[in-house]
A.B. asks: 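A single structure is presented below for examination.
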Amino acid sequence: MKTFKVHHCNKKIKAAIKTEAPSNLALVKYWGKKDLQIPINPSISLTLSKSTTQTQIEITPKQNKGLSLDFTFDSKPNKNFESKIKTFFNRVVEYCPWILNHHFKINSKNNFPHSSGIASSASSMASIAIGLSQLENQIYENHPPEKEQKLKASFLARLGSGSASRSIEGPLVIWGESKSFKTSNDHYGVSVSQLIDLHKDFKTFCDTILIVDKNPKKVSSSMGHQMMNHHPFFSGRIAQTVNHISSLKEVLITGNLQRMIPIVEREALSLHGLMFSSSSYYLLMQPNTLKIINRIFDFRKSSKLPIMFSLDAGPNVHLLYPLSIQKKVMEFIKSQLLDCCIKVLDDQVGQGATWSFIR
Ligand code: PMV
C-alpha cells in the first residue's frame, strides 16, 4: 500500500474550488467494517456519471487553531450534514493539518435524491475529498502525478464514507484487500482498469435507476455495518465475497455477461438478506422493489437479453446492461416498469471526480 506524506507547515492561503463527484454502484458490496473505515471484505463498483454531487469549497486563513466550518446544502444550512462533515474533517486533520489554519465555507448540491439508497454519501464525501487534496497541493505548491493525487483523495474520502473511496476514479473501482487483485488495499480505491484489461462493454455499461421511493431510509448504513459485527452469517458472507470478486474479475476481462448476472444479483439479495437476518432485523425493500425484480426475471427469460438488477441499501432498483441493448431495455421499462416507480434516472459508467479552481 502507498503511504502519503503529511506536510507540517503553517502556510495559509485564500482559495476556492468547484468539484463534482459521482455516486457509484457496488457490484460486490461492502457491508461491515472494522477500526476506522476498514472494510471486512473487498468490494468492486461501477462509477456513475450523471448522479453527482457538486461542491464549492472556499478557504480563508484564520488565526486560532481549531476546526471552523460552515456547511450549506443547496445554499441552505443543514445541521445534520454539517455534523457528518465535521466528523469527517476531524478524522482527516491527522493527514491534512493545514485544515486547522483555515476557515471553510462549503456548499454542496445533488442532482439526485439523497438518503434514499443511491450512494449520496459516496458522491458527497468524494466531492469534498477531491477538493481537500487539490487545495492541499495548492498550499504546499506540490503537484504529484494525477494518479497519485486521486489515490490520496480516495484515501481521504474513505474516512468520510467507505464507499466514497470508490467515487474518485472510474470506470470500475476495487476497494479492500483481495488476492484476486494484487495491489488492491483497505485504505483507498484503485481503478480496475489499471489492474486488468477491462472488456470494452464495461467502458459504456448502463445503469438505469428506478426510484421506487425517494424518502430517506429508516436505518442508516452505519447501523447496518455495525450489525455485521456479530452477524450469524459473518464467515459465510466473507467467503461469498472472496468467490464473487474472483469470478467477477474473470467477467470483467472476458465480458461474459451471462456469468455476471448471478454474481451481481446474488450480491444485491445477500446485502438485503444480511439486513433481514441481523439481530435488529429490518427491511428496506418495498412491494414495488419485488414486483420490478420479478418482471426483470420474466423479461430476461423471454428476451434472453443480458439485463440484470442490483440494489443499494434502499428500495430502488438499478437495472444494469450493456449499451448495445439500451433501446430494448428502454422499451421494456416503458411498457412494464413505469407503474412500479416514481422516477427513472438514466445513468452510465463514468470516469470519476473532477475539479476546477475558481480563483
Ligand atoms: O459507504 P457507506 O458507509 O455509506 O456504506 C455503503 C454500503 C453499501 O452502499 C450498501 C454497499 C456499497 O458497497 O456501496
Side-chain angles (χ1 to χ4, degrees), residues 21-48 51 53 80-81 84-85 87-88 91 110 112-129 154-169 172-176 178 184 186-189 192 207 209 216-229 231 237-238 240-241 244-245 248 263-276 278 282-285 289 309-318 320 347:
S23 177
N24 68 73
L25 185 261
L27 301 177
V28 175
K29 312 286 180 186
Y30 147 57
W31 201 237
K33 58 183 162 186
K34 52 193 178 196
D35 305 326
L36 192 56
Q37 308 282 91
I38 298 296
I40 61 167
N41 66 272
S43 54
I44 294 186
S45 57
L46 202 73
T47 306
L48 300 181
S51 309
T53 299
N80 178 26
F81 286 176
K84 284 185 182 162
I85 288 167
T87 305
F88 170 44
R91 290 174 185 169
N110 279 359
F112 61 96
H114 61 77
S115 312
S116 58
I118 301 175
S120 62
S121 60
S123 55
S124 130
M125 293 298 175
S127 72
I128 297 175
S154 168
F155 175 88
L156 298 177
R158 184 198 101 232
L159 298 171
S161 161
S163 55
S165 66
R166 301 185 314 235
S167 273
I168 301 290
E169 275 276 20
L172 280 107
V173 175
I174 177 159
W175 167 50
S178 158
S184 64
D186 289 345
H187 301 272
Y188 49 83
V192 165
D207 179 358
I209 308 157
K217 57 189 183 227
K218 293 190 180 74
V219 182
S220 68
S221 289
S222 309
M223 297 293 293
H225 288 298
Q226 252 178 47
M227 286 178 215
M228 278 309 287
N229 289 342
H231 201 288
R237 170 61 186 155
I238 302 290
Q240 184 188 46
T241 59
H244 281 170
I245 293 269
L248 188 62
I263 303 169
V264 167
E265 295 190 344
R266 211 183 291 121
E267 272 296 314
L269 296 177
S270 291
L271 171 70
H272 285 258
L274 290 165
M275 296 171 192
F276 299 166
S278 57
Y282 61 106
L283 290 167
L284 297 180
M285 285 186 185
T289 313
F309 74 84
S310 184
L311 304 166
D312 215 320
N316 305 320
V317 183
H318 292 249
L320 302 170
D347 216 325

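Given the structure is predicted, the values throughout are model-derived calculations rather than measurements. Atoms within a ligand are numbered from 1 in the order they appear, just like the ligands themselves.
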A.B. asks: Can you list, pair by pair, the side-chain donor-acceptor contacts under 3.5 Å of residues 267-274, counting residues two or more places apart and other chains?
C.D. replies:
{"unit_1": "Glu267", "atom_1": "OE1", "unit_2": "Lys29", "atom_2": "N", "d": "2.8"}
{"unit_1": "Glu267", "atom_1": "OE1", "unit_2": "Arg237", "atom_2": "NH1", "d": "3.4"}
{"unit_1": "Glu267", "atom_1": "OE1", "unit_2": "Arg237", "atom_2": "NH2", "d": "2.8"}
{"unit_1": "Glu267", "atom_1": "OE2", "unit_2": "Arg237", "atom_2": "NH1", "d": "3.0"}
{"unit_1": "Glu267", "atom_1": "OE2", "unit_2": "His244", "atom_2": "ND1", "d": "2.6"}
{"unit_1": "Ser270", "atom_1": "OG", "unit_2": "Gln240", "atom_2": "OE1", "d": "3.2"}
{"unit_1": "Ser270", "atom_1": "OG", "unit_2": "Gln240", "atom_2": "NE2", "d": "3.0"}
{"unit_1": "Ser270", "atom_1": "OG", "unit_2": "Arg266", "atom_2": "O", "d": "2.8"}
{"unit_1": "His272", "atom_1": "NE2", "unit_2": "Asp312", "atom_2": "O", "d": "2.9"}

A.B. asks: Should you measure from each heavy atom of Gly162, which atoms of ligand 1 turn up under 4.0 Å away?
C.D. replies: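 Close to Gly162: 1 (O).
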A.B. asks: Pick whichever of Asp312, Leu311, Val28 has a heavy atom sitting closest to atom 9 (O) of ligand 1.
C.D. replies: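 It is Asp312 that holds the nearest heavy atom.
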A.B. asks: Would you call the rings of Trp31 and His225 parallel, tilted or perpendicular, where under 30° means parallel and over 60° means perpendicular?
C.D. replies: tilted
A.B. asks: Using a strict cut-off of 4.0 Å, indicate which atoms of ligand 1 neighbour a heavy atom of Ser163.
C.D. replies: 1 (O), 2 (P), 4 (O), 6 (C), 14 (O)
A.B. asks: Quick one: are Leu48 and Ile209 in side-chain contact, heavy atoms under 4.5 Å?
C.D. replies: yes
A.B. asks: Is Lys29 close to ligand 1, meaning an N/O of one under 3.5 Å from an N/O of the other?
C.D. replies: no
A.B. asks: Looking only at side chains, do Thr53 and Ser127 share a donor and an acceptor under 3.5 Å apart?
C.D. replies: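 The answer is no; no qualifying pair exists.
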A.B. asks: What do we get for Ser121 next to ligand 1 when only non-hydrogen atoms under 4.0 Å count, side chain, backbone, both or neither?
C.D. replies: side chain
A.B. asks: Judged by modelled atom types alone, do Ser51 and Ser23 share a side-chain donor-acceptor pair under 3.5 Å?
C.D. replies: no
A.B. asks: Establish, from distance only, whether the side-chain atoms of Asn24 and Thr47 form a donor-acceptor pair under 3.5 Å.
C.D. replies: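 Side-chain D/A pair, Asn24 to Thr47: absent.
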A.B. asks: Do the side chains of Ile38 and Arg158 get nearer than 4.5 Å, heavy atoms only?
C.D. replies: yes
A.B. asks: Taking heavy atoms and a distance under 4.0 Å, where does Lys33 meet ligand 1: side chain, backbone, both or neither?
C.D. replies: neither
A.B. asks: Below 4.0 angstrom from a heavy atom of Ser161, which ligand 1 atoms are there? Numbered from 1 as shown, please.
C.D. replies: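 With Ser161 as reference, the close atoms of ligand 1 come out as 1 (O), 2 (P), 4 (O).
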A.B. asks: I'd like to check which ligand 1 atoms, numbered from 1 as shown, lie under 4.0 Å from a non-hydrogen atom of Arg166.
C.D. replies: 12 (C), 13 (O), 14 (O)
A.B. asks: Counting from 1, what ligand 1 atoms have a heavy atom of Ala26 closer than 4.0 Å?
C.D. replies: 12 (C), 13 (O), 14 (O)
